[in-house]
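This report concerns only the one structure given below.
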There are 2 protein chains.
Amino acid sequence: MTISDSQDGRRLTARGARTRARIVAAAADLMYVQGVGGTTLDDVLAASGVSKSQLYHHFEGKDALVRAVVDLVGERVLDRERDALGRVSTLRGLRRWRDALVRNNALRHGAYGCALGALASAVADQDDLARKALANLFTEWQELLTDVLRRLRDAGELPPDASVERLATGLMGALQGGYLLAQTAHDVTPMATSLDMALAYLESVSAG
Amino acid sequence: MTISDSQDGRRLTARGARTRARIVAAAADLMYVQGVGGTTLDDVLAASGVSKSQLYHHFEGKDALVRAVVDLVGERVLDRERDALGRVSTLRGLRRWRDALVRNNALRHGAYGCALGALASAVADQDDLARKALANLFTEWQELLTDVLRRLRDAGELPPDASVERLATGLMGALQGGYLLAQTAHDVTPMATSLDMALAYLESVSAG
DNA sequence: ACAAGAGTGGACTATAGAGTCCAGTAAGAT
DNA sequence: ATCTTACTGGACTCTATAGTCCACTCTTGT
């Protein structure tokens, strides 16, 4: 049985797929800590224990690798968020979601920020393909929030005329802005405060 | 407190100061569009019409130049914001501030994001000195917002027990997150929506 | 006026890092 | 069984870019 490569028409063996995955995973981890520009291909090779020809066998160049990293990180984040948000249908559940994100970010004192947000800021204006992929990932993430808010609305925790899409955008904005401020301050507080204000607004809408 | 080398004991003639300023201004403009990593020293030399020895006469290296860029961009943004926020004392004034930022960002369809936020994301985890400078700049910016909110509170547009510092953090978070989402989507809408939600919260606090 | 040091020009070096090549091995198709 | 192609290893090239050097010219203080 052959696994077809999603990129081009080439075949992809199980071994090849494993190598490719190791490369992307190593690149993603390095780029989260060192940044995209601060991570060299040699860094990636050393971390993944793979040779140069293997990297160039699987990717056209650094840009293609970065795009694969965007895909992987997007998948990781969305998996995590689907898990965290998939069954949330109360304001209390949303507050627990906030707590988990804040607690997790506090482990690093805010450093490195949001895996997706950092990538977005690094590549948005340099690689249009990657930018579009990231825009889609943000949209998907936001839709998870929209779904939660819709459930809140259906349960009467939000008024029937609440614009769940706009509220989800506001929530995502507060989250991303909070990540950035925390990353700059090396202190998770502004992220917590920023999210709290967004959640407080939901409460005020719910009460009104 | 500045992180530039303008006060390292060496004298600085008027001519030298002009050259130095030209270098930093060119670097700031290039880095806003191409990113920090995507801008080479040769780019900066070409854009400023200056020779390599001049650059190295005024800066120890690229890191020092980036720190000077942080200072300059910070000054520009804070000057603009002092001007925009200095006399605002009503919610309506704050909404006009929002309109101006959104209108300005719409000119580029969100591209490049916030000059300060983009620098922060690029530099925060690579250069601790620059990170601290950026953290201070964000704090100053936020204080301008705190002052506005304090005036709103004094005028009765916010309740006496409103936590103006926390509200300012939320406002700044919404702004920065909005910038990032707009930059990724190449569409100013999420920035407008994000800010609108923060302002709507202020209104709800004011009404409550 | 003139010494000292700030400022300038641009050729030069060093090297990190992207990207190439080719010889060889594993693995799926028939 | 063997043919084809995916896959691997690592030495190699090439170039972009950071950083050096030195000879020269302004500016300023005394």
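Here is the naming used below: chain letters follow the sequence lines, and residue numbers restart at 1 for every chain.
For B/R15 and A/D63, each mapped to the nucleotide of DNA chain C holding its nearest heavy atom, the one lying further toward the 5' end belongs to B/R15.
If you take CZ of A/F59 and C1' of D/dC7, they are 14 Å apart, rounded to a whole angstrom. In this structure, B/Y56 places its OH atom 4 Å from P of D/dG19, rounding to the nearest Å. Rounded to an integer number of Å, the gap from A/D43 CG to C/dA18 C1' is 13 Å. Spacing between atom CG of A/L45 and atom C1' of C/dG19 amounts to 12 Å, rounded to whole angstrom units. If you measure from atom CG of A/L65 to atom P of C/dG19, you get 11 Å, rounded to the nearest angstrom. When the C1' atom of C/dA27 is taken as reference, atom CZ of A/R18 falls 12 Å away, rounded to whole Å. Rounded to an integer number of Å, the gap from NE2 of B/H57 to P of D/dC24 is 19 Å. At whole-Å resolution of the value, CD in A/E60 and P in C/dA18 are 16 Å apart.
From A/Q183, atom CD reaches atom CG of B/L134 across 10.5 Å, with rounding to the nearest 0.5 Å. Expressed to the nearest 0.5 Å, how far OG of A/S204 lies from CG of A/L199 amounts to 11.0 Å.
Within a 6.0 Å radius of OH in A/Y112, other residues, nucleotides and ligands contribute 12 heavy atoms or fewer.
For the 3.5 Å distance criterion, the side chains of B/Q54 and B/S51 qualify, holding a donor opposite an acceptor.
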Nucleic acid footprint by protein, nucleotides 10-16 of chain C - heavy-atom cut-off 4.0 Å, B for base, S for sugar-phosphate alone: B------
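Regarding contacts with the backbone of C/dA6, every side-chain N or O of B/H58 stays at 4.0 angstrom or more from both OP1 and OP2.
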